[in-house]
Amino acid sequence: MDKLRYLIRKNLGIYFMVIASFAFALMGCCAKLLSDELPSVEVMFFRNFISLIFISYLIYKIPYKKHGGKFLLLAFRGFAGTISLYAFFYNVSNISLGGAFAFQKTNPLFVTLIAFLFLHEKISLKGIFCLILAFTGVLLIVQPFAPEHLHTGFDLKNSLLGIASGFCAALALTSARELGKFYNVEIIALSFFAMGVILPTLSMFCANFLSAENLNKYDYLFSHFVVPSGFFTWFLIIAIGALSCFYQMQVTKAYKATKKAGVVAGVSYLDVVFTLFLGLFLGDDLPSFVVLTGIICVLIGGIGISLSKDNKK
C-alpha cells in the first residue's frame, strides 16, 4: 500500500497532465461543434470571456506579490497568444481536430529556435535531431512540394495558419518566461484572456465595414457576430470556457507536482492523440498515411525536445 502511494505521489504530475490533455481535447471538441453555428472568431471570444471572469475572480482572492514593471512585454504576450488562438480556432473549424492540435503543438520547436537565435541558449545534438524530425513532420503534413494529384495534406491557407499558430504561441511562451520574474502567473494569464476578448471584439465590429469579398478572404480574422441560439449552443459555450479554466488549473498542478518538467511537457502531447480519436466521432476523415506520419514525427520530435531540456538540468 505504501509503495502504491509512493508511486502515485512520484507520478502525480503526469496524472494531472493526462487529465489536462483530455480536458483540452474536449475543449477542442466543443469548439468544433460550435463552429457549425458560430464563426471561429466568436468561438474564441466566448472562450476567453468566460476564462477572463474566472481569472479575475482568482486575482481578487489571491494577493498580488510581484512588483510588475514590464507592461509592454505583458501586452505583447497577450497579443501574440491571441493571434495564435485566431489561427488555432480557425484550424479547429476547418480541418481535422487532430491536425489542428498537431499544428498547435509545434510551438516547443519554435520556442527552442527562438531561444537559440535570440537568447543564445544551446541546443544539444539530440535536440537538433528532434527539431529536424519535427519540422520534417510539418512538411509531411503541409506537403508544399507535392503535385496536386498526389497532395493529401491540408490546404495552403490552413497550413500557413497552423504554422502561424505554433509560432505565435512560441512567442507568447518565450515572453512569459521573462514575465514570470515580474508578475504573478494570474496576471500574465489575465493579459492573455483580456487581449483575447478585446481583439475579437474589434474584429467583429470591423467586420461591419468590410465587403463580402474581404470577409470571405480574411474570415480567420473578421466575422459578424452571430447570436447563439438554443440550449445546446449555450451549453457548449459554457463548457468551452469551463474546460479551458480546468485545463489551466491541471497544467499548473502538473508542473508544481513534478521535478521533471520535460516529462510532463512530453505527456501534454497526448491531447493530439485524444483529438485524433475524438475527431473521428465528430465526422473527421482518417488522415492519410503521409499526414499521419507527419503528425507522429511532430509528436516524437516535440517530446524529444521536452525531454532533452530536462537532461540539460
Side-chain angles (χ1 to χ4, degrees), residues 24 26-55 75-97 99-101 103-104 107 154-169 171-172 189-230 232-245 247-248 275 279 282 284:
F24 195 45
L26 288 178
M27 187 210 74
C29 290
C30 292
K32 187 81 170 175
L33 291 169
L34 275 172
S35 67
D36 291 336
E37 182 176 340
L38 306 179
S40 61
V41 174
E42 189 173 341
V43 174
M44 180 183 71
F45 165 80
F46 279 120
R47 181 260 193 187
N48 288 319
F49 182 75
I50 294 172
S51 299
L52 181 63
I53 294 172
F54 176 79
I55 202 69
F76 174 78
R77 186 263 184 267
F79 179 80
T82 301
I83 296 301
S84 173
L85 284 186
Y86 271 103
F88 172 67
F89 278 103
Y90 188 84
N91 276 164
V92 167
S93 299
N94 291 278
I95 63 175
S96 68
L97 204 56
F101 273 68
F103 274 129
Q104 200 269 342
N107 71 76
F154 302 117
D155 63 278
L156 182 61
K157 181 179 181 180
N158 276 290
S159 295
L160 291 175
L161 285 171
I163 294 170
S165 169
F167 178 71
C168 290
L171 289 176
L190 178 70
S191 73
F192 174 42
F193 293 133
M195 195 70 76
V197 169
I198 294 169
L199 288 183
T201 300
L202 291 174
S203 291
M204 290 185 284
F205 175 75
C206 292
N208 296 305
F209 305 98
L210 296 177
S211 65
E213 182 183 354
N214 282 328
L215 276 177
N216 185 57
K217 186 177 181 181
Y218 302 108
D219 55 344
Y220 54 91
L221 282 178
F222 302 100
S223 67
H224 292 296
F225 181 80
V226 177
V227 179
S229 61
F232 185 61
T233 301
W234 281 108
F235 170 78
L236 290 175
I237 288 172
I238 294 170
I240 198 174
L243 285 167
S244 176
C245 295
Y247 163 75
Q248 294 292 341
T275 52
L282 298 180
D284 286 346

Q: Using every non-hydrogen atom in the two residues, find where S223 and V41 come nearest and quote the distance to one decimal.
A: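 Smallest heavy-atom distance, with atoms named: OG-CB, 3.5 Å.
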Q: If you measure from CE on M27 to NZ on K32, what distance do you get to the nearest 0.5 Å?
A: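 With rounding to 0.5 Å, CE (M27) is 13.0 Å from NZ (K32).
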Q: For F225, is the CZ atom crowded, meaning more than 12 foreign heavy atoms sit under 6.0 Å from it?
A: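 Enclosed: over 12 neighbouring heavy atoms sit under 6.0 Å from CZ of F225.
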Q: Within the 3.5 Å criterion, strictly below it, is a donor on D219 or N216 matched to an acceptor on the partner's side chain?
A: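 Side-chain D/A pair, D219 to N216: absent.
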Q: Would N94 and Y220 count as a side chain to side chain donor-acceptor pair (under 3.5 Å) here? Give the steps.
A: CA-CA 10 Å; N94 291 278; Y220 54 91; over 6 Å; no
Q: So, taking the atom named CD1 in I95 and the one named OG in S159, what distance separates them when rounded to the nearest 0.5 Å?
A: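 It comes to 7.0 Å.
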Q: Testing the basics here: between V226 and P39, what is the closest heavy-atom pair and its distance to 0.1 Å?
A: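 Closest heavy-atom pair between V226 and P39: CG2-CD, 3.8 Å.
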Q: Say you draw a straight line from CD of Q248 to CZ of F54; how long is it, rounded to the nearest 0.5 Å?
A: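 Interatomic distance, Q248 CD to F54 CZ, rounded to 0.5 Å: 9.5 Å.
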Q: Within a radius of less than 6.0 Å around CZ of F222, do more than 12 heavy atoms belonging to other residues, nucleotides or ligands occur?
A: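 Result for CZ/F222: enclosed.
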Q: Please round to the nearest 0.5 Å and tell me the distance separating atom CG of L215 and atom CG of L221.
A: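 Here the interatomic distance stands at 11.0 Å.
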Q: Any salt bridge (charged side-chain N to carboxylate O under 4.0 Å, His left out) pairs touching residues 33-48, not counting sequence neighbours?
A: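 Residue pairs with at least one partner in residues 33-48: there are none.
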Q: Do the side chain of N208 and the main chain of F205 share a donor and acceptor less than 3.5 angstrom apart?
A: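 Yes, because the side chain of N208 sits within donor-acceptor range (under 3.5 Å) of the backbone of F205.
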Q: For the residue pair F232 and F235, categorise the inter-ring angle as parallel (less than 30°), tilted (30 to 60°) or perpendicular (more than 60°).
A: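 Aromatic pair F232/F235 classed parallel.
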Q: Taking only residues two or more places apart in sequence or in another chain, which ones pass side-chain hydrogen bond (donor to acceptor under 3.5 Å, both in side chains) with Y86?
A: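 Once residues adjacent in sequence are excluded, the partners of Y86 under the side-chain hydrogen bond (donor to acceptor under 3.5 Å, both in side chains) criterion are S203.
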Q: Using modelled atom types and a 3.5 Å cut-off, is there a donor and acceptor pairing between side-chain atoms of S84 and backbone atoms of S165?
A: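 Pair found, side chain donor or acceptor close to backbone of S165.
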Q: Working note: F101 + F88, criterion side-chain contact (heavy atoms from CB on, under 4.5 Å); need CA distance, chi angles, decisive distance, verdict.
A: CA-CA 8 Å; F101 273 68; F88 172 67; 3.6 Å; yes
Q: Taking all heavy atoms of I50 and all of G241, pick out the closest pair and write down the distance.
A: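 Between these two residues, the closest heavy atoms are CG2-CA, 3.7 Å.
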Q: Could you tell me whether the side chain of N214 and the main chain of L210 form a donor-acceptor pair under 3.5 Å?
A: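 No; zero donor-acceptor contacts below 3.5 Å.
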Q: Side-chain contact, heavy-atom cut-off 4.5 Å: L199 with F79?
A: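 Yes, their side chains come closer than 4.5 Å.
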Q: Where is the tightest heavy-atom contact between T233 and S229, given as atom of each residue plus distance?
A: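 Between these two residues, the closest heavy atoms are OG1-O, 2.9 Å.
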Q: Search all heavy atoms of A169 against all heavy atoms of N107 and return the closest pair with its distance.
A: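 Heavy atoms only, the tightest pair is CB-CB, 3.8 Å.
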Q: Tell me if a side-chain donor or acceptor on S93 pairs with a main-chain N or O of F89 at a distance below 3.5 Å.
A: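 Yes; judged by distance alone, with no hydrogens or angles, the pair exists.
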Q: Kindly compute the distance separating CG (L97) from SG (C29), expressed to the nearest 0.5 Å.
A: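 If I round to the nearest 0.5 Å, the distance is 5.0 Å.
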Q: Name the orientation class of the two ring planes belonging to F154 and F103 (parallel below 30°, tilted from 30 to 60°, perpendicular beyond 60°).
A: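 Because their plane-to-plane angle lies in the 30° to 60° range, the rings of F154 and F103 count as tilted.
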Q: Check side-chain hydrogen bond (donor to acceptor under 3.5 Å, both in side chains) between D284 and all other residues, then give those that pass, not counting sequence neighbours.
A: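 None.
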Q: Check each of L236, I237, V92 against C30 using the side chain to side chain contact (heavy atoms under 4.5 Å, CB included) test, and report the only one that passes.
A: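 So the option named by the test is L236.
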Q: One pair to check against side-chain contact (heavy atoms from CB on, under 4.5 Å): F45 and M204. What are the steps and the verdict?
A: CA-CA 10 Å; F45 165 80; M204 290 185 284; 3.9 Å; yes
Q: Once rounded to the nearest 0.5 Å, what's the spacing between atom CD1 of I240 and atom CG of N48?
A: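 Answer rounded to 0.5 Å: 9.0 Å.
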Q: Does the side chain of F24 come within less than 4.5 Å of L243's, by heavy atoms?
A: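 Contact flag for L243/F24 side chains = no.
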Q: What closest approach, in Å, do H224 and A207 show between heavy atoms, and which atom pair accounts for it?
A: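 Looks like CE1-O, 3.3 Å.
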